Protein chains: 2
Amino acid sequence: MESAATGPQAPARLRTTPSWLLTQTAAHASRLVAEGLGALDARGYHYRLLAALEESGPASQAELGRRCGIDRSDVVAVLNELAAKDLVRRSPDPADRRRNVVTLTDAGGRELRRMGETLDRVQDTLLAPLSTAERDQLTRLLTRLLDHHTGR
Amino acid sequence: MESAATGPQAPARLRTTPSWLLTQTAAHASRLVAEGLGALDARGYHYRLLAALEESGPASQAELGRRCGIDRSDVVAVLNELAAKDLVRRSPDPADRRRNVVTLTDAGGRELRRMGETLDRVQDTLLAPLSTAERDQLTRLLTRLLDHHTGR
DNA sequence: GACCAACGTTGGTTCGGCCAACATATCAGG
DNA sequence: CCTGATATGTTGGCCGAACCAACGTTGGTC
């Protein structure tokens, strides 16, 4: 819960380096997200997969991984955990026996919603010092960066 | 070197969530930094400590950690590596025998400079799609967020 | 002198991100 | 039809950054 503050004052070299600002703020963001989702016994990966399932419907594991930017191998582990809690159902795809079709269960939908609510609160504490306009600005800038480095 | 692209299109839920945008762009930033510094056989922690040393002069390990936002225990390990390359000298503080005084060597200064140059290039590829004004905007917004979550 | 705080150090943990390898299954070309 | 390339799920590992608990030593204070 501690702020892990950068004590006195970080070196100017760092404070003016965008990559450092990014990774530092991201670290704070991650901590807040972990705290929030941790209360629901979940992590970022769980939310991402559930969100993708709700938004685009059932999909294979590989497809899910591609959509969320999560490695195939990590998808396996997270789906195991989600399936163990019945938030997700994994069934062999009759049309392509290599694939598993992953489906969001009702409980999964409910859990996703709960996660979404806590994440909304997290965004608010994360962006607390910024006005609405500034939040939009930040979002736009980051989106452009991300799109660029993602191959559009 | 791969872009690890978020395949087709990440769920809108994610793409509009600032904490996700932050952690994703930060991941790209970290990758670029790791690539750049990796060529010099260094990591982010090494640069941070060297930069702090150059900027504020010799200091104890605890002090360095506080300045850089690096945990005491991690400082130990990184200083071991830096000292092994003679980029840093670690000597007991005669005034306080609990402390080690860490000093930047000439070689350390040179290496820091080299790191700084490659990091400058990294910033440029990281921020490629943004104009100078936009880069400043981003820097200001992130700085405000960081200051806020750092206890000012 | 007794206590508590700070320091350096060791040895963990977590989370996100990645890679290599393998068996199985699909698909396209010869 | 068969053969080879490709996709999928899965296992088991690795790394960097961030953290935490504990211990022995040293410093300052009451």
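We name chains A, B, ... by the order of the sequence lines, and we start the count at 1 in each one. Everything numeric here is computed off the predicted structure, so don't read it as measured data.
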**Item:** Arg144(A): partners by side chain to side chain donor-acceptor pair (under 3.5 Å), with sequence neighbours left out
**Value:**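 Here the qualifying residues are Glu134(B).
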Whole angstrom is fine here: how far is it from [atom1] in [X] over to [atom2] in [N]?
X: Leu32(A); N: dA18(D); atom1: CG; atom2: P; result: 15 Å
X: Asp71(B); N: dC7(C); atom1: CG; atom2: C1'; result: 13 Å
X: His46(B); N: dC15(D); atom1: NE2; atom2: P; result: 14 Å
X: Glu35(A); N: dA18(D); atom1: CD; atom2: C1'; result: 13 Å
X: Asp74(B); N: dC7(C); atom1: CG; atom2: C1'; result: 16 Å

**Message:** Below 4.0 angstrom, which residues in residues 95-103 of chain B have at least one non-hydrogen atom near DNA chain C?
**Reply:**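 Arg98(B), Arg99(B), Asn100(B), in order of number.
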Which residues pass the side-chain contact (heavy atoms from CB on, under 4.5 Å) test with [X], sequence neighbours left out?
X: Arg135(B); value: Asp124(B), Leu127(B), Leu130(B)
X: Leu112(A); value: Tyr47(A), Leu50(A), Ala51(A), Glu54(A), Arg13(B)
X: Arg113(B); value: Glu117(B)
X: Ser56(B); value: Arg67(B)

Between the protein and nucleotides 14-16 of chain C, which nitrogen or oxygen pairs come in under 3.5 angstrom?
| from | atom 1 | to | atom 2 | distance (Å) |
| --- | --- | --- | --- | --- |
| dG16(C) | OP1 | Gly44(A) | N | 3.0 |

Under 3.5 Å, which donor-acceptor pairs link side chains of residues 68-77 of chain A to any protein atom two or more places apart or in another chain?
| from | atom 1 | to | atom 2 | distance (Å) |
| --- | --- | --- | --- | --- |
| Asp71(A) | OD1 | Ser73(A) | N | 2.9 |
| Asp71(A) | OD1 | Ser73(A) | OG | 2.6 |

**Of the listed nucleotides dG11(C), dT10(D), dG8(C), the one nearest the side chain of Val76(B)** =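 Shortest atom-to-atom distance from the side chain points to dG8(C).
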**Asked** Who passes salt bridge (Lys or Arg N to Asp or Glu O under 4.0 Å) against Asp41(A), sequence neighbours left out?
**Response**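 For Asp41(A), the residues satisfying salt bridge (Lys or Arg N to Asp or Glu O under 4.0 Å) (neighbours in sequence not counted) are Lys85(A).
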